[in-house]
Number of protein chains: 2
Amino acid sequence: MKPRAESTRRKTRIQRENRERILEAALDVFSTYGFRGATVDQIAVAAGMSKPNLLYYFRGKEDMQHGLLDRLLDIWLDPLRELDADGEPLDEIRSYIKRKLDMARDYPRESRLFASEILQGAPRLRELLSVQLKSLVDEKAKVIQNWMDQGKLAKCSPYHLIFSIWSTTQHYADFDAQLRAVLPPEKYVESRFEDAEQYLEQLFLHGLKPSI
Amino acid sequence: MKPRAESTRRKTRIQRENRERILEAALDVFSTYGFRGATVDQIAVAAGMSKPNLLYYFRGKEDMQHGLLDRLLDIWLDPLRELDADGEPLDEIRSYIKRKLDMARDYPRESRLFASEILQGAPRLRELLSVQLKSLVDEKAKVIQNWMDQGKLAKCSPYHLIFSIWSTTQHYADFDAQLRAVLPPEKYVESRFEDAEQYLEQLFLHGLKPSI
DNA sequence: GTTAATATTTACCAATCGGTAAAAAAATAC
DNA sequence: GTATTTTTTTACCGATTGGTAAATATTAAC
């Protein structure tokens, strides 16, 4: 009998292991080719499994992506959740940037999976975004707005501030191929994330105007 | 006889018109589904043409993307080319940001096409990037480094500075679906680009530290 | 207006796509 | 060790994929 994601029956060891292997492989394939570009055969090969065997664990392509996105959105939003209203504003921003940069370094496939989804108009993610993501961002935007009202942060749009942190940090995962093509090779290999951290700290704290 | 991209024979009016229609349709489809996710039939329909008829003008999917990327890279690099070594540094940075933001607003499909390509590891773009793009960035990075050496700009990595301009501006095209999900609807519809421009000017000039 | 070149349609094709049925094999319960 | 359940394999399927051959229709040259 087929095991199902929504089944309440307890999962066997093999089921847990194989579902994990499959999601790992799916993350690899989806993040590089996008949902439509990925094939079930490809994922099966990457998971070291025959296609029918894979389809014994997941009902289809859609089911795999759903399993992936579900599991990932939470991890993905954690760095923003940690933004602490009671912390020192500039420190909080700085450490948020650091956490996002660490994510880009440690979870580049996850970053690219989300980017690929959103790039294609987020058809399978739209609801999650406009509920979970939006409510979290709304909440944190208020926190940031309060900081600005208290004069502890320069006044600007909290939403666009958050966007700029997302874009600058995720860039290092999503556009990695471009960095590799453009950066001096030794910088790319040895220090792109340290350099990024240092640069972004400068940018977000002081901007580019020389202090003199 | 089949007309070919590399043919030296002069193109007829119909050839010029139809190749244009096809590239326009291909831009639409490739930018939303990525190269692998796009189908020739889909492009043909979007171009209002039968598939064999389309394949009379382009030898295949690859040929279409090559035609697109070739034509687009130039346009895409123009804003950076205009960065003037003899201009006022902060003004030059500001107007470069403005040009990139205008591109994101006016050419979102082009932005997404490049993003999709790079996200997938830039297999069909790598050479162009590591030659054309790299040499242009190297040149402009030197210009920016000079400005910093002259004390006209805060000292930081010119490369990462350029990356941060790319990421923050292109974000408004590439992650549009996310903006739509997160921003208050009226802000999204009415003023996201104006708000972005104002915010980015603040960020890149002064950062987030309150001036007081 | 005839002719030669160009453009479009019709009818295909082999390969790959996502997915299934059912038998065989392996693991587990007792 | 046997019976039962779970897992894997083998052999498929219809639909869609990228692409072609050849006949037909249209356009342009003269």
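Convention: sequence-line order gives letters A, B, ...; per-chain numbering from 1.
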Quick test of your reading of the model: are [X] and [Y] salt-bridged, counting only N-O distances below 4.0 Å?
X: A:Asp138; Y: A:Lys134; result: yes
X: A:Asp102; Y: A:Arg105; result: yes
X: B:Glu110; Y: B:Arg71; result: no

Of all the nucleotides listed ([options]), which has the minimum atom distance to the side chain of [X]?
X: A:Pro52; options: D:dT7, D:dT9, D:dG19; result: D:dT9
X: B:Asn18; options: C:dT8, C:dA27, D:dG19; result: C:dT8
X: B:Ser50; options: C:dG18, C:dT9, D:dT8; result: C:dT9
X: A:Thr39; options: C:dC17, D:dT17, D:dT20; result: C:dC17
X: A:Tyr56; options: D:dG19, C:dC17, D:dT6; result: D:dT6
X: B:Lys61; options: C:dT8, C:dG19, D:dG18; result: D:dG18

[atom1] of [X] versus [atom2] of [N]: gap in Å, rounded?
X: B:Met49; N: D:dA25; atom1: CE; atom2: C1'; value: 16 Å
X: A:Gln42; N: C:dA15; atom1: CD; atom2: P; value: 19 Å
X: B:Gln15; N: C:dA5; atom1: CD; atom2: C1'; value: 11 Å
X: A:Ile14; N: C:dA29; atom1: CD1; atom2: C1'; value: 14 Å
X: A:Leu55; N: D:dC13; atom1: CG; atom2: P; value: 18 Å
X: A:Arg36; N: C:dG18; atom1: CZ; atom2: P; value: 11 Å
X: B:Leu54; N: D:dT17; atom1: CG; atom2: C1'; value: 15 Å
X: B:Gln65; N: D:dG18; atom1: CD; atom2: P; value: 13 Å

**Item:** Exercise: do A:Asp176 and A:Tyr188 side chains pair donor with acceptor under 3.5 Å
**Value:**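 Short answer, yes.
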**Message:** D:dT7, OP1 or OP2 - any side-chain N/O from A:Asn53 closer than 4.0 Å?
**Reply:**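 For D:dT7, OP1/OP2 do not have a side-chain N/O of A:Asn53 under 4.0 Å.
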**Request:** Report yes or no: is the cationic atom of B:Lys142 (NZ for Lys, CZ for Arg) closer than 6.0 Å to the six-membered ring centre of B:Trp147, at no more than 45° off its axis?
**Result:**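 Checked: cation-pi criterion not met.
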**Asked** Under the 3.5 Å rule, do the base of D:dG18 and the side chain of B:Lys51 count as making a donor-acceptor pair?
**Response**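 Donor-acceptor pair under 3.5 Å: yes.
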**Prompt:** Which is true for B:Ala38 with a 4.0 Å heavy-atom rule: it touches a base, it touches only sugar-phosphate, or it touches nothing?
**Reply:**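 Sugar-phosphate: the residue B:Ala38, judged by heavy atoms under 4.0 Å, touches backbone atoms but no base.
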